[in-house]
Amino acid sequence: GVVVMEALFCGLPVITTNLLCFKEYLHQRNSIMIDPKDEISLQKVMELVIKKEVEFWAPENIVKDIKEKFASQKIENSFMEFYKIGLSKC
């Protein structure tokens, strides 16, 4: 996941596996997700990207999108909500 995040923060779209952990911040404008162990799909997708037959957001839009999703204030608010829910059950 770290390499995926680094790429997005650099404005680069990614090709990655279709894992639940990525679905929170990956979408068709910044990535292509394929099934794990599907080498045929990986090859086809790589060819599409190389031939520029896939349209992604401009790099600055990828960066803006990922920064908005992972802004420190947003993460802080999410943790506070999580803790409040936990404390309310004590």
Side-chain angles (χ1 to χ4, degrees):
V2 172
V3 173
V4 170
M5 295 297 290
E6 287 174 343
L8 295 172
F9 273 100
C10 289
L12 300 171
V14 297
I15 300 171
T16 187
T17 52
N18 169 355
L19 298 175
L20 186 60
C21 61
F22 294 133
K23 293 187 181 205
E24 179 181 346
Y25 54 90
L26 295 181
H27 47 76
Q28 66 184 9
R29 304 306 291 158
N30 67 4
S31 65
I32 296 177
M33 300 196 318
I34 59 168
D35 289 328
K37 299 184 181 180
D38 186 350
E39 294 91 6
I40 304 290
S41 288
L42 177 59
Q43 179 183 349
K44 288 179 182 178
V45 164
M46 289 174 73
E47 289 172 359
L48 291 173
V49 171
I50 289 168
K51 293 177 183 176
K52 299 187 187 284
E53 294 179 7
V54 178
E55 190 173 321
F56 296 108
W57 272 343
E60 58 272 10
N61 293 337
I62 293 174
V63 172
K64 180 182 177 202
D65 180 59
I66 200 70
K67 282 184 175 180
E68 286 173 358
K69 289 184 171 126
F70 288 93
S72 59
Q73 188 62 49
K74 184 170 183 171
I75 292 172
E76 180 183 328
N77 291 342
S78 295
F79 275 110
M80 290 305 293
E81 283 302 311
F82 177 74
Y83 291 135
K84 286 177 185 177
I85 290 169
L87 288 173
S88 70
K89 296 185 180 205
C90 292

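The model shown is predicted, which means the values in this text are computed figures rather than measured ones.
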A.B. asks: If every non-hydrogen atom of E39 is compared with every non-hydrogen atom of K37, which pair is closest and at what distance?
C.D. replies: OE1-O, 3.2 Å

A.B. asks: Determine, step by step, whether W57 and K64 satisfy the side chain to side chain contact (heavy atoms under 4.5 Å, CB included) criterion, reporting the C-alpha distance in whole Å, the side-chain angles of both residues, the deciding distance to 0.1 Å, and the verdict.
C.D. replies: CA-CA 11 Å; W57 272 343; K64 180 182 177 202; over 6 Å; no

A.B. asks: Any donor-acceptor pair under 3.5 Å linking the side chain of D35 with the backbone of S41?
C.D. replies: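 Absent.
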
A.B. asks: Measure the shortest side-chain to side-chain distance between N30 and Y25 over non-hydrogen atoms and say whether it is less than 4.5 angstrom.
C.D. replies: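 N30 does not reach Y25 side chain to side chain.
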
A.B. asks: According to side chain to side chain donor-acceptor pair (under 3.5 Å), who are the partners of K51, at least two apart in sequence or on a separate chain?
C.D. replies: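 Applying side chain to side chain donor-acceptor pair (under 3.5 Å) to K51 gives none.
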
A.B. asks: Does V14 reach the side chain of V3, with side-chain heavy atoms less than 4.5 Å apart?
C.D. replies: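 In short, these two side chains do not touch, never coming nearer than 4.5 Å.
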
A.B. asks: Under the side chain to side chain contact (heavy atoms under 4.5 Å, CB included) rule, what do I62 and R29 come out as? Steps first, then yes or no, please.
C.D. replies: CA-CA 8 Å; I62 293 174; R29 304 306 291 158; over 6 Å; no

A.B. asks: What do you reckon, is CD of Q28 surrounded by more than 12 foreign heavy atoms closer than 6.0 Å?
C.D. replies: no

A.B. asks: So which atom in F9 and which in V63 form the shortest heavy-atom distance, rounded to 0.1 Å?
C.D. replies: O-CG2, 3.5 Å

A.B. asks: Got a sec: does the CD of E68 have more than 12 other heavy atoms crowding it under 6.0 Å?
C.D. replies: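 Correct, the count exceeds 12.
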
A.B. asks: Compare all side-chain heavy atoms of P36 with those of L19 and state whether any distance is below 4.5 angstrom.
C.D. replies: yes

A.B. asks: For K69, give me all partners under side chain to side chain donor-acceptor pair (under 3.5 Å), at least two apart in sequence or on another chain.
C.D. replies: D65

A.B. asks: Working to the nearest 0.5 Å, report the span between CG of L87 and CE of M80.
C.D. replies: 8.5 Å

A.B. asks: When you group the ILVMFWY residues by side-chain heavy-atom contacts below 4.5 Å and let the links chain together, are M33 and V4 in the same group?
C.D. replies: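 Both belong to a single hydrophobic cluster.
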
A.B. asks: Which ILVMFWY residues can you reach from I34 by hopping between side chains whose heavy atoms are under 4.5 Å apart?
C.D. replies: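 Same cluster as I34: I15, I32, L42, V45, M46, L48, V49, V54, F56.
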
